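First listed ligand is number 1; within each ligand, the first listed atom is number 1. On a predicted model such as this, the values are computed, not experimentally measured, just so you know. Numbering of residues begins at 1 and proceeds along the displayed sequence.
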Amino acid sequence: MNLNCHNILRWTEAQLKYTYDVSLEDATPQELHEALGQAVMMAISDNWSKAKKTRLHQRKAYYISAEYLIGRLVYSNLFNLGILDEMKALFAQRGVDLAVLEDIEDDALGNGGLGRLAACFLDSAVTTNIPLSGYGLRYKFGLFKQSFDANGSQVEKADDWTKFGDPWSYRRYNHTVKIRFPEHTVLAVPYDVPIIGYGTNNIGTLRLWQCEAENELDFGAFNDQDYLRALDAKNKAEDITRVLYPNDSTWEGKRLRIKQQYVLSSASLQDMIRTYKSAYGNDLRHFADHYAVQLNDTHPAMSIPELMRLLMEEGMSFDDAFAIAQKTFSYTNHTVMGEALEKWPLDLMRSVVPEIVDIICRIDQKLKCEHPNLFIVKDNTAHMANLSVYVGSYVNGVAEIHSQILKDDCFKDWYQVYPERFQNKTNGITPRRWLGLCNPELTELISEKVGGDFLRDLDRIGELKPLIDDEMVKKFNAIKRLKKEQLCAVVKKHEGVELNPDFIFDVQVKRLHEYKRQLLNILSVVDIYFRLKEGRLPDFRPTVYLFGAKSAPGYARAKAIIRYINRVAKLINNDPAVADKLKVVFVQNYNCSYAEHIIPAADISEQISPAGTEASGTGNMKLMLNGAVTLGTLDGANVEIAQEAGMDNEYIFGHTVEEINAARPNYYARGIYDYNADLRRAINTLVDGTVPTDGDQQELFHALLDGTNWHKADHYFLLLDYESYLEAKLRANRDYGDRMAFGRKCLMNVASAAKFSSDRTIRQYAEEIWHIKPIEY
Ligand code: 26Q
């Protein structure tokens, strides 16, 4: 794109003057961000409308997702436009350091992996010129902001992300649609976010729906001086998109959640039908020839009956509507854990979306006629995953092992009937944000070697492999050291904790969940701590164990784990006996922007879920691309990471899926506890007072050793994998001593990361699921 940076600077100044009456020099970071954002929006507007026109009559795909974790947009947009450095320099000439925009908060309209994947996909689709648009919800409050109190407990605060404005979207009131519920009709107002590609003139669109009332004020009530009631309708409508549900693992049957999902589904489908009609006329029978829709998990699965409802409203028969829906939709599954699968009680659903329930029941009857052993409705409950498999073209998992488990277990009966529907699409990450933007130093080193713009074609990174020599390893090690220094400054600023960049950086960053086994990690650290004090680890290389994770606010056990880790950190960090060997830090409010600092600094990437539980993981890919070795199980995408980089370049431990399944029936965690004295001592710190704890750690202790009403003891097999985990962890620590050999492993990871570009993933979706081709611009 041919952009004039001087113009953007001038427009920024003008915006500052006219909206805030401040000069460039006096603007706050927030004012600067608003003005610069608006200037960039002006600069791209021609290209944006051109790209929309080019797509108009092409077969297109739509990604419908309840979450988009797009992070901070200002740097990535400038980066993708290719003007980040020049803009920094221009602002610097005016005495303004664009680093002040580090204060701008993330757009966090998502919980974790699933939402970040949606954001990476949009970046990749636009960059590779694949006609894909996104639909989502514009929550007033994104994922909560996290801090820790003096006890080390998580405290949540509302994320009012638009309080200073939102320069990266346009409100398009003229495309507002109505959504009907029995008790009220609400408006869904679209906000369009430009998705700026890298090295292309193409610009895509993410359309986010915001709920508003049809009539904001009830003047009858107002005239009766009943001011609160006068605002009822407004509040009830706005409640629907008020807040992102902060739960990413356990499913909750909440009325408001159905409403959210229905608004997302209905607004998006109405919008698609409107654009279809304007391009192809009123005959909707060819809808599926022009549109493919990808459902990001089952959160938007009501789109299926909603499309059918809209088609039938136009006079189409049930069977014809079914056939079109079946061709239009495909579904991506992101979890194998039963407790996360959406199962709506029909009565609840009927009170919110009665017509949708009728259609689901008709679909279910059709299914039961064809295949009596399959069901969508059972015990008066609608199983949204089954609906999505039945009324869809394809269903896919997000890593090879996960897709296999879907066929073998979760959807076994379905796989027998519809084997041709099942696919795999291993996740990916955008190398622009997760290398180019967050690690320009490593990007530069790679580009010196492989030349050209490998960020557009990550396959080229493989060309590094034969070129890795001592000189390159030394340069890599120097960069890693620099990224650690930079991270130390960030951690000092945000946590007040001083880290030493000479330490090994061992990181586990991801949502907090029992299955991700942050507790396994910290127990091993406690064990290492005791051993160090006993002088049993004389060659141990100084290591900082860094955690970053948010817990769902209602997930008591996850919160107890956070508290425990924070208290272990306090104990260890205050013990002078290990000060030169061991440090533990749990950073607050881990988010995209924090990730961009942590990931380039990591030496060791902890990916330690028991095999068969983590669908894919994508943090593992980001860490690999930045040259961390994986300390991980054969779970999710770790399997493919190890395949690509070679087992010798990772630290793989633990039981395989088959081994865990074999061990499960007779698993006796207490046997391991009784047998392994070091592990026992570490586990006992949950209850024996060595680590100051509260009653909640007792509960963790019992869940590990005795079990609960819900689960047998140690449901996630921490004790089963402990020995091989600690062995691998200490081996990685020892290997780090040979800086050249270790650096070579790291570089082999970088050079083997090509497969994990979301450009590859999105191309596979386009070819194998949506059957669409890139557009020539
Ligand atoms: C469901 C019902 C009610 C409220 C919330 C939810 C909900 C919201 C978000 C359920 C699940 C999620 C998010 C799941 C998620 O992030 N899964 C992750 O997806 C990644 C991308 O495919 C994978 O890499 C991870 O392995 C998977 O855990």
Using a 4.0 Å heavy-atom cut-off, which part of [X] comes near ligand 1: side chain, backbone, both, or neither?
| X | result |
| --- | --- |
| Val398 | side chain |
| Asn427 | side chain |
| Glu67 | side chain |
| His299 | side chain |

[atom] [closest protein heavy-atom partner, distance rounded to 0.1 Å]:
| atom | result |
| --- | --- |
| atom 22 (O) of ligand 1 | His334 ND1, 2.6 Å |
| atom 28 (O) of ligand 1 | Glu614 OE1, 3.0 Å |
| atom 16 (O) of ligand 1 | Leu114 N, 2.9 Å |
| atom 2 (C) of ligand 1 | Trp251 CD1, 3.4 Å |
| atom 3 (C) of ligand 1 | Arg257 NE, 3.3 Å |
| atom 14 (C) of ligand 1 | Asp248 O, 3.7 Å |

Enumerate the atoms of ligand 1 whose separation from the nearest heavy atom of [X] is less than 4.0 angstrom.
| X | answer |
| --- | --- |
| Glu342 | 2 (C) |
| Asn247 | 5 (C), 6 (C), 7 (C), 8 (C), 9 (C) |
| Ala615 | 26 (O) |

| Proximity flag Tyr515 to ligand 1, non-hydrogen atoms under 4.0 Å | yes

| query | Heavy atom of Gly617 under 4.0 Å from ligand 1? | reply | yes

| Distance flag, aromatic centroids of Tyr555 and His513, threshold under 6.0 Å | yes

| Pair Lys259 + Glu183, salt bridge at N-O below 4.0 Å | yes

| message | Which label fits Tyr725 and Tyr722: parallel for a plane angle under 30°, tilted from 30 to 60°, or perpendicular past 60°? | response | perpendicular

| said: Test of understanding: with salt bridge (charged side-chain N to carboxylate O under 4.0 Å, His left out), list the residues that count as partners of Glu659, not counting sequence neighbours. | reply: none

